[in-house]
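Fair warning: this is a prediction, and the values are worked out from it, not measured in the lab. Residue numbering restarts at 1 for every chain, and letters A, B, ... go by the order of the sequence lines.
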Amino acid sequence: MQEKNFEKDVRQKMEELSFNPSPPVWLKVEERIRKKKEKRRFLLWLLPLLLLTSGIIWRTVFVPNGSATNSADSSTAVPSAKKALTNQIKMVTPDTDKKVTQKTIKNKESITIKDPFTCITTNTTAPVPMIIKNNKEPEKRMETTSTALMNEPSKKRINDELSSAIAQDRKEQQITSTDTTKANTNTIQEDKKPSNQVPDSTKVKTINKPQDTAKKAEAVAVQKQQTQRSRKLKFGIEAQLGFSGISAGLLNGFGQQAALDYSAVTPVQPSSTNTAARLPPSKIRRGLSYSAGFSVKKTAKRNAISLGLHYQHYSTKMNVGNRRERDTTLSNFSRNAASYYSNSNQQTIYTNKYHFVKLPVVYEYQLFKRLPLQAGVGIALTQLISSNALHYNAGGNIYFRDNTLLRKTAVELSAGITYKLATSAKFSLVIGPQLQYGLTPVNKNNNTGSQHLYSLGIHTGIQF
Amino acid sequence: MIWRNGFNFPFVNACNSNYRMDHYRLVKDCLKNKPAAQRQLYELFAGPMLGICYRYTKSMTDAEDVLQDGFVKVFRNLHQYKFEGELGGWIRRIMVTTAINFLKKNSRYQTELLFVDEHLHAVSGDDPQINLEAKELALLIRQLPPGYQTIFNLHAVEGYTHPQIGEMLGIQEGTSRSQYARARALLITWIEQRNGDTKTDSYARKKF
């Protein structure tokens, strides 16, 4: 249609049209653009906060420390040492036919044995239970029952007596209970002091010489605990295979979406020379997705938390027209793209590929006690490494590539169920379905619409 | 005035190398989130942009809402501007798209923004002279039904072709042509009526 003077006059008049906006307009614009920047700053803090929170949870809940915050773990160490020591005490216990009086002295257990036949009273001490540190129960048992007998011999003498008693106890482990009298006699011979002289409440700290048996038992217990700890920390290799697509949002479902129009942000000059047939923008179809990576998992009873590093590949497909090299049409609005695709015939299938590196943190819970079925939810920070995704411009009726329109850092949610197929002492194999959904859109400009990447597939892993 | 690429601004015609540099510097400062630069950009283009928004809407309140949304988009997407066209033209295109999206989403316009497939109407050969002020002409355009108003603005003022308008509004090219023809005819009728009234007034004031 030839441009008439009327249209020219109208255009000219409208160019002169100008108004002064009211002051609140700028204030609202300023407020909105500042809010967006604050949201971005918040996201920047999200990653370190996420890592810090995961670390704190890991450290406080799943890693027992020396002060035994996890009572279940701490109680295993001491009782095992206690048990070993108690066994030694039992072996020293004299024969039941003999009259035995047992006096518990503070931090020591003194056994007085009176042979009814010989009327020989022997006294021996079994300081082994005193070695149990920080355990109040043995101390309670060893409360002084008779203070009248307590004198204050020199500490050196006490130490000598104790060390000799320990040595004797070691020998007595090989002797049966019926031979305790002989052992006690030996003890008596070594014991130069009267029986009524009961050593003072010697604390463990004053025993200078190492008590090998107790230490050995404790070392064994600690080693066992470390083994248990190391078993709870598992390394794994994981992989996932499935399909991926684009969703307009959780509320909009996972149906096929049409390519978004980026005219608003990459506007094309209106041109009457573009006479190519116009088709609606291509629908974005699902494509292949896969991921691979490794993880470290910490388990405690039925809970587990894992931290991983994965490579994730998403892809979608769309129908485009012929490929064209860079020309004036493309240079109107894109500096970087070397070529573009027309939307004239849509005979070419183009695969949009997205390559991510992600840091997932996953929490898993075993649903049943006896069935190795775990449900897991997780959150991951993803970083887009590269992409060849095309964007649609309705004004130019073309598809072009511009990665500046894509969001580089995003957050992803995941949910899934895993089942342990095979388990051995060294490794276990897990498998199960998993859904991943991009919480933040893959496109930067939400004004054109939101595009959330999602994938659904089978997740497998080997844990060592 | 020079008509360039379908868009024209009086102040653009006054550009020289310094002015172009100022735009470059202005955009760079805005990208660095300097409040003064952002305010300057807004003040430079807000007036004409409000005029554009005024033409697409039915009230100044709606026009200012569109202006606000449009400038928020401008600042959020300023990194997309590659200095390969006039900054004013780039902002204008965003404003037009924002106005159309506003009309589509706003319930007050949705019922009226109907694009009915009609029989083709040829554009009349009328080419009257417009003896109206810009604001008066804008008021007449705003009195058109929303569908006619939008298509008339897009084609007559912004310079989009009917296929492009069809793509933007999701209508057939023929519907765009037909509705434009009807809008044009209606507007010409009103303009001629105004011109006639003006003549009558001027005759009445004359002393014979």
**Q.** Contact origin within B:Asn153 toward chain A - heavy atom pairs under 4.5 Å
**A.** neither
Q. Which bit of B:Arg55 is near chain A, if near means a heavy-atom gap under 4.5 Å: side chain, backbone, both or neither?
A. side chain
Q) Which residue out of B:Arg39, B:Met168, B:Glu133 racks up the most heavy-atom pairs below 4.5 Å with chain A? A) B:Arg39
Q: Could you tell me whether B:Glu173 and B:Arg177 make a salt bridge, using a distance below 4.0 angstrom between a side-chain N and a carboxylate O?
A: yes
Q: For A:His313, check ring pair (Phe, Tyr, Trp, His ring centres under 6.0 Å) against everything at least two apart and list the hits.
A: A:Tyr290, A:His355
Q | Interface moiety of A:Asn20 toward chain B, non-hydrogen atoms closer than 4.5 Å | A | backbone
**Q.** A:Phe19 side chain near B:Met60 side chain, heavy-atom distance below 4.5 Å
**A.** yes
Q: Using side chain to side chain contact (heavy atoms under 4.5 Å, CB included) as the criterion, list what pairs up with A:Ser18, not counting sequence neighbours.
A: B:Pro48
